[in-house]
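Remarks on the structure that follows.
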Amino acid sequence: MKTRIFSLLVLFLASLTMQAQIDRSVQPKPGPAPKVNIGKPTTFTLKNGLTVMIVENHKLPRVSATLTIDNPLIVEGEKAGVTSLVSALLGSGCTSISKDDFNEEVDYLGASLNFGSQSAFANSLSKYFPRIMELMADGALNPNFTKEDLEAERAKILENLKSEKKSVTAVAGRVQSVLAYGANHPYGEFITEETVNNVSLEDVKAFHNKYFKPNNAYLIIIGDVKTKDAKKLVKKLFKKWEEGTIVADKFDTTSNPTTTEINFINMDNAVQSEISVQNTVTLTMKDEDYFPVLIANNILGGGGDARLFNNLREDKKFTYGSYSSIGNNKKTISTFRATASVRNAVTDSAVVEILKEIKDISNNLVSDEELKSVKAKYVGRFVTGIERPSTIANYALNIITQDLPKDFYETYLERIEAVTKEDVLRAAKKYFLNDKLRIVVTGKGSEVVNALENMTFEGKKIPVKYFDQYGAPTEKPVFKKEIPAGVTAQTVLDNYINAVGGKDKLMNVTTIVQEMEASMQGMNMITTLKQKSPNMMMTDVSVVGMGSVFKQSFDGEKGYMSQQGQKRDMPAEMLAEMKARKGLFPELNYDSSKVKLTGIESVDGKDAYVVVVTSDTGKTTNYYDVASGLKVKKSETAKGPGGQEVTQETTYGNYKEVDGIKFPHQMIAPAAGQKIEFTTISMKVNAPLTKKDFE
């Protein structure tokens, strides 16, 4: 005991002595960044060119295998979609095992097995790993391509293309890439109905036979496996994989504009604008500028504490987030992009703020605090990453495929620490081309183009060029047409009322019961909507096999919402809105002083009158087809979390008559960040409902 007390006393006195010798008024100088000793995987190469990397890790009884083929970039051209089809068809069994037996065995072993057009991945318990590797090798090298499976996967792609036609995000992403790289570049070309229909079964087989070769292939095995056993297994399974000659495809690349310009793509159904301020760059991981560029981009838009985020979200409240990114690629050019999704009304203002931030970081030194903070993040991510066994193999793979110095990762922290504010400024000026930017805006032209055409930055107007939804140049669209003489908001509403059945019939409707079906993320949903005049309403959403997952009800006085058994009262703002409702057809009861006809716009290629209705709780914009008088779209704007305005849009179609009144039997509405199509399966008018139906 005396010895322990004496030891503690010595330590205490020593600490006092050390404190006395330290001048705490002087900030200590940081020591040199340590060199990191990163382990290396066991690596060997088969005669056919397949490079294998093995990392033993026996903490868990699992093993994973990743096969990557690092081929030159491929131009699909008039058969764009063949890569996607090959990816989908690989894994559908092999020449020796049927698709069903193949998948059943993988499931039985509790394993994961996935394929890409030039890749494969397997994960399983270590005791099943030899069999899973056999299945992976057999499925990858001896695929079972069938006409039946091809047509099934083709149908899926065609269905996705159909839904993407109205997706502002999908169109924006496509055109951003087309304008950055060119429509004939591997990163700029896109799938169409025509190109995917051009792909035959022979094309699929030919693609796999040409590109699924070991010449540029790397197999990484990580986990609870002995190296000698893994070597033996790999040689057995892959030694007969025949190498082949892979010739790189030729393609052109586009140039950055000679001066900053706005490239606008019109989407009539856009409730917000997708903005990408971009330019192309030539950058690889082994370039001297690599680390300064990474840090510059991180300070500009690398996360929630970066400049773009703080400006556009925290300060201006234009968006839920604004970010930037920059690529690196030894095979071709890459892109720098600063992006944001903003409401229509602030599109031009958001563009100006993004330009300001790019200009500032390209012309002025960043602060010491910004540089220190970003470096700390990179160091933290790097240190955390090297604790994972997969990192060892991935770093070794990068050194080979990216032609990096062998000590690239061992000196990683040194390279990060060596970046100065001057380096960041030089990199930003070189790679963020603030005077040659392509500002790609995808949005609703009738609401944003006028402001964009009159927008100035540093006293100069920025020219606006127009492109279609596939990136081809086009003339400026006609966004708003002149309203014919004699047409008013009231005449439009009257035409709608007459089109659906007439005022007398609508006034006699006291209840509506509607059932709709929809599919979301592979789940089949049934939505039951009950309404009773003047304002009672109940919505019940059930998922097949799960029962009711969401319910909302209002009995005329009080209301509640229930989600997966959790019930809560309806918020006061929503309650007030429900109480203010009058009747089942709002067009019968609009206050004429709060209704305005604002113009004619295109909805799905057809002219529609635009009628704006204001209220204490927000703004509703209705669109009525000029020819039929029917309502084809509704857009509602209200305050969302954080004070940002949120706009939700619903489209209507396939009107059918029920008891002399026309109701839309197709509705596309936003839900969980995506568009869901609801199809009416039953509709009842004046069915007996009581207050109990809304409890």
Could you pull out every donor-acceptor pair under 3.5 Å between side chains of residues 176-186 and any protein atom, sequence neighbours left out?
unit_1	atom_1	unit_2	atom_2	d
Ser177	OG	Gly173	O	3.3
His185	ND1	Tyr187	N	2.9
His185	NE2	Thr332	OG1	2.8

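Rounding to the nearest 0.5 angstrom, the gap separating the CD1 atom in Ile333 from the OG1 atom in Thr282 is 7.0 Å. In this structure, NZ on Lys331 lies 13.5 Å from OG1 on Thr284, to the nearest 0.5 angstrom. Summarising the geometry, atom CG belonging to Leu85 is positioned 11.0 Å from atom CG belonging to Leu90; distances are rounded to the nearest 0.5 Å. Between the CD1 atom in Ile358 and the OG1 atom in Thr260 there is a gap of 8.5 Å [rounded to 0.5 Å].
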Assess the residue pair Lys377 and Asp305 against the criterion (salt bridge (charged side-chain N to carboxylate O under 4.0 Å, His left out)); give the C-alpha distance rounded to whole Å, side-chain angles, the decisive distance to 0.1 Å, and a yes or no. CA-CA 12 Å; Lys377 286 182 184 177; Asp305 53 358; 2.6 Å; yes
Would Ser324 and Asn297 satisfy side chain to side chain donor-acceptor pair (under 3.5 Å), going step by step from the backbone distance to the final call? CA-CA 7 Å; Ser324 65; Asn297 177 72; 2.8 Å; yes
Steps toward salt bridge (charged side-chain N to carboxylate O under 4.0 Å, His left out) verdict (Glu369, Lys372): CA-CA 5 Å; Glu369 188 59 35; Lys372 179 181 177 182; 5.2 Å; no
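Applying the ring-ring contact (aromatic ring centres under 6.0 Å, His included) test to pairs two or more places apart or on separate chains, those with a residue in residues 323-351 are Phe309-Tyr323, Phe336-Phe432. Listed by first and then second residue, the salt bridge (Lys or Arg N to Asp or Glu O under 4.0 Å) pairs involving residues 128-139 are Glu105-Arg131, Arg131-Glu134 (not counting sequence neighbours). Residues in residues 396-405 take part in these salt bridge (Lys or Arg N to Asp or Glu O under 4.0 Å) pairs, two or more places apart or across chains: Lys286-Asp403. Residues in residues 385-402 take part in these side-chain hydrogen bond (donor to acceptor under 3.5 Å, both in side chains) pairs, two or more places apart or across chains: Asn398-Tyr409. Legend: salt bridge (Lys or Arg N to Asp or Glu O under 4.0 Å) pairs involving residues 418-429, not counting sequence neighbours, sorted by first then second residue: Asp289-Arg426, Asp368-Lys421, Asp423-Arg426.
Counting heavy atoms from C-beta on, the side chains of Leu50 and Thr45 never come closer than 4.5 Å. A 4.5 Å side-chain heavy-atom check between Ser84 and Ile157 finds at least one atom pair inside the cut-off. Side-chain atoms of Val440 and Ile265, non-hydrogen and from C-beta on, do get closer than 4.5 Å to each other. Between Met285 and Phe408 the shortest side-chain heavy-atom distance falls below 4.5 Å. Put simply, the side chain of Leu113 reaches to within 4.5 Å of the side chain of Leu135, judged on heavy atoms. In this structure the side chain of Val234 reaches within 4.5 angstrom of the side chain of Leu219, judged on heavy atoms. Side-chain contact check for Asp315 versus Asn310: every heavy-atom pair is 4.5 Å or farther apart. With a 4.5 Å cut-off on side-chain heavy atoms, Phe129 and Ile221 count as touching.
No side-chain donor-acceptor contact under 3.5 Å links Ser273 to the backbone of Val441. Lys213 places no side-chain N or O within 3.5 Å of a backbone atom of Asn48 that could act as its donor or acceptor partner. Judged by distance alone, the side chain of Ser163 and the main-chain N or O of Asn160 form a donor-acceptor pair under 3.5 Å. Although no hydrogens or angles enter the test, the distance criterion places a donor-acceptor pair under 3.5 Å between the side chain of Glu56 and the main chain of Thr227. No donor-acceptor pair under 3.5 Å is formed between the side chain of Lys359 and the backbone N or O of Ile354. Judged by distance alone, with hydrogens and angles left aside, the side-chain atoms of Thr319 form a donor-acceptor pair with the main-chain N or O of Gly321 at under 3.5 Å. With hydrogens and angles disregarded, no donor-acceptor distance shorter than 3.5 Å links the side chain of Asn216 to the backbone of Ile69. Using modelled atom types, one side-chain atom of Thr43 and one backbone atom of Pro41 make a donor-acceptor pair closer than 3.5 Å.
Residues that satisfy the side-chain hydrogen bond (donor to acceptor under 3.5 Å, both in side chains) test with Glu357, not counting sequence neighbours, are Asn311. For Asp107, the side-chain hydrogen bond (donor to acceptor under 3.5 Å, both in side chains) criterion is met by no residue, not counting sequence neighbours. Annotation: salt bridge (Lys or Arg N to Asp or Glu O under 4.0 Å) contacts of Glu76 (sequence neighbours excluded): none. Residues that satisfy the side-chain hydrogen bond (donor to acceptor under 3.5 Å, both in side chains) test with Lys231, not counting sequence neighbours, are absent from this structure. Residues passing the ring pair (Phe, Tyr, Trp, His ring centres under 6.0 Å) test with Phe207 are Tyr211, sequence neighbours excluded. The side-chain hydrogen bond (donor to acceptor under 3.5 Å, both in side chains) test applied to Thr259 returns no partner, not counting sequence neighbours.
The shortest non-hydrogen separation linking Ala217 to Trp241 is CB-CH2, 3.9 Å. Listed here is the closest heavy atom pair of His208 and Leu141: CE1-O, 4.2 Å. Across Ile132 and Ser124, no two heavy atoms sit closer than the pair CG1-CB, 3.7 Å. Closest of all the heavy-atom pairs between Ala65 and Met133 is CB-SD, 3.6 Å. Of all heavy-atom pairs between Arg438 and Ser255, the closest is NH2-O, 3.3 Å. When all heavy atoms of Phe238 and Ala137 are compared, the closest pair comes out as CZ-CB, 3.7 Å.
In this structure, Tyr412 has its ring center under 6.0 Å from that of Phe291.
Annotation for Asp252: atom CG does not count as buried by contact number, only 12 or fewer foreign heavy atoms lying within 6.0 Å. Residue Lys232 places its NZ atom among 12 or fewer non-hydrogen atoms of other residues, nucleotides or ligands, all under 6.0 Å distant. Within a 6.0 Å sphere centred on NZ of Lys330, other residues, nucleotides and ligands contribute more than 12 heavy atoms.
Under a 4.0 Å N-O distance rule, the pair Lys40/Glu410 qualifies as a salt bridge. One finds a salt bridge joining Arg307 and Asp360 here, because a Lys/Arg side-chain nitrogen approaches an Asp/Glu carboxylate oxygen to under 4.0 Å.
For the residue pair Ser112 and Asn123, no side-chain donor N or O sits within less than 3.5 Å of a side-chain acceptor on the partner. With 3.5 Å as the limit, one finds a donor-acceptor pair spanning the side chains of Gln278 and Ser276. Glu370 and Ser373 share no donor-acceptor pair across their side chains, judged by distance under 3.5 Å alone. In this model, no donor atom of one side chain and acceptor atom of the other lie less than 3.5 Å apart for Asn344 and Thr347.
Of the listed residues (Thr280, Asn279, Asp435), just one forms a side chain to side chain donor-acceptor pair (under 3.5 Å) with Asn256, and that residue is Thr280.
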